Chemist: 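Provided herewith is a single structure, encoded as structure tokens, for subsequent inquiry.
Letters go in sequence order (proteins before strands), and every chain restarts at 1. All values reported here derive from a predicted model rather than from experimental measurement.
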There are 2 protein chains.
Amino acid sequence: MEAEPQRLPGTPPSGKRAISREQNRRQILDAARRVFAEHGYGATTVRHIIRATPLASGTFYNYFKSKEEVFQAIRDETALSMRPALREARSKAGTREEFVAATFGSFFANVGGSAGEAAARRRNDAPHVRVDTPEIVAGFAELGEDVRTAMERGLLPPVDADFLTAAMVGIAFEIAEMMQKQTPPDPEAATRFATALFLGGIAKLPAG
Amino acid sequence: MEAEPQRLPGTPPSGKRAISREQNRRQILDAARRVFAEHGYGATTVRHIIRATPLASGTFYNYFKSKEEVFQAIRDETALSMRPALREARSKAGTREEFVAATFGSFFANVGGSAGEAAARRRNDAPHVRVDTPEIVAGFAELGEDVRTAMERGLLPPVDADFLTAAMVGIAFEIAEMMQKQTPPDPEAATRFATALFLGGIAKLPAG
DNA sequence: AGCAAAATTGACGGTGCGTCACCATTCGCT
DNA sequence: AGCGAATGGTGACGCACCGTCAATTTTGCT
């Protein structure tokens, strides 16, 4: 004689089911983070990830299609947490220098912050591959968009936005890698260098 | 009196033996080039390479330790053939602009020239992995060295050579990638952009 | 309680890896 | 030439991982 809640067949699940699903997903994601950090992207296998979890191998594929997809998920997650701060810093920028420095600065700071990445990078297998690890790549998803906005605001000159974004990304990546080879990594110096180079260069660009 | 140890260990092989060895090595190298170009680095397996060859699987390992090692060999080979032209262009450079333009120009021209690379790039598997394919990366092997020399010659200002090289490589890579997304790719425009950016930036760098 | 949908499990066939015992060819020497 | 030794090719072997799937357990709902 209890009044049970009624549910139609297509209704989204509630309670235990959803919680369990979320927990499993989290477990896989966290394990993947650890394993990627430990062995690098190339060396880790789907098996490694699930072994770092109480789940069975088949379960992995209920949540992700491949190790690439977990990686993407981790990246997206990190990007999501990083995005607001980065965007805010850039949108608050009143000068061109602030815009550029905010971008490079937060990037190098984040790279330097994640200690495991350097080790993972070093242990990487491929010849000279550059993997955009989640922590590193996160903030770039919307850089191009912000660059265009900055151009409209007059913060940046009207040059080829694609090339400009590409150059910014390239400088950031390669200098970050170089920075990590140094002991100790000096994000401030890297930021100063990249910012000065980029600011000086922008001024000389042909209008695009 | 019979059954003496016959040959000294250090004697170099001559004739047929050496020829066969060289032929096999070439066959593997050429097959690897084709397969890498066809399927991209990530997707090709050692088996793919040897199947594109009349040799047996075990034979591969008499010549190379892994697919990475073949890749390195291809890269070295390509670098060797590319080096003279690039070095000459850079050593001939009388002005800073010539030095920078020569580097970017030959890079973008080479990238644009190898049509198969773009396809391979697109077919790449990893999340956002950038593989420095042999044809592309070749010219960069000694860029750092040339940068240092240019600084000594006074062509470039005395800033942090590692960072400067890294920035140059980063700009070149990322802009090349962007360039290849455009139709048709315009190496001259890319060169103009990269050169202007870099030249303008150098002037503003803090002495390192 | 009882049934259906959802989710988990681990075994399975398929494939690539790197090794190794076997065998053929070539080498150095008489 | 002829012979024993060394070099080098061969492909089957054992191992690991992949992605799937039928069987089983768990959950949601009446």
Chemist: Hey, is the side chain of N62(A) poking within less than 4.0 Å of OP1 or OP2 on dT8(C), counting only N and O atoms?
Modeler: yes

Chemist: Could you tell me whether the phosphate oxygens of dT7(D), OP1 or OP2, come under 4.0 Å of any side-chain nitrogen or oxygen in R21(B)?
Modeler: no

Chemist: To the nearest Å, give me how far apart CZ (F64(A)) and P (dC18(D)) are.
Modeler: 15 Å

Chemist: Please check the phosphate of dG8(D) (OP1 and OP2 only) for any side-chain N or O of N24(B) closer than 4.0 Å.
Modeler: no

Chemist: Calculate the interatomic distance between E22(B) atom CD and dG8(D) atom C1'; express it in whole Å.
Modeler: 15 Å

Chemist: Would you kindly give the CD1-to-C1' distance between I49(A) and dC18(D), to the nearest whole Å?
Modeler: 13 Å

Chemist: How long is the line joining CD of E69(B) and P of dG18(C), in whole Å?
Modeler: 11 Å

Chemist: If you pin P54(B) and H48(A) to their nearest nucleotides in DNA chain D, which one's is more 5'?
Modeler: P54(B)

Chemist: Judged by atom type as modelled, is there a donor-acceptor pair below 3.5 Å linking the side chain of S91(A) to the main-chain atoms of E88(A)?
Modeler: yes

Chemist: Of all residues at least two apart in sequence or in a different chain, which pass the side chain to side chain contact (heavy atoms under 4.5 Å, CB included) check with A93(A)?
Modeler: E98(A), F99(A), L155(A)

Chemist: Apply salt bridge (Lys or Arg N to Asp or Glu O under 4.0 Å) to E69(A) and list each qualifying residue two or more places apart in sequence or on a separate chain.
Modeler: K65(A)

Chemist: Classify every nucleotide of nucleotides 19-26 of chain D by which part a protein heavy atom approaches to under 4.0 Å, writing B for the base, S for the sugar-phosphate alone and - for neither, in 5'-to-3' order.
Modeler: BB-----B

Chemist: Quick one: label Y63(A) by what it contacts on the DNA or RNA (base, sugar-phosphate, nothing), any heavy atom closer than 4.0 Å.
Modeler: sugar-phosphate

Chemist: Name all residues meeting the side-chain hydrogen bond (donor to acceptor under 3.5 Å, both in side chains) criterion together with D162(A); count only those two or more places apart in sequence or in a different chain, and write none if there are none.
Modeler: R148(A)

Chemist: Taking only residues two or more places apart in sequence or in another chain, which ones pass salt bridge (Lys or Arg N to Asp or Glu O under 4.0 Å) with D76(B)?
Modeler: none

Chemist: In whole angstrom, what separates I50(B)'s CD1 from dG16(C)'s P?
Modeler: 10 Å

Chemist: Side-chain donor-acceptor pairs under 3.5 Å in residues 42-54 of chain B, sequence neighbours left out?
Modeler:
from   : atom 1 : to     : atom 2 : distance (Å)
T45(B) : OG1    : R47(B) : N      : 3.3
T45(B) : OG1    : H48(B) : N      : 2.9
T45(B) : OG1    : H48(B) : ND1    : 3.3
H48(B) : ND1    : T45(B) : N      : 3.2

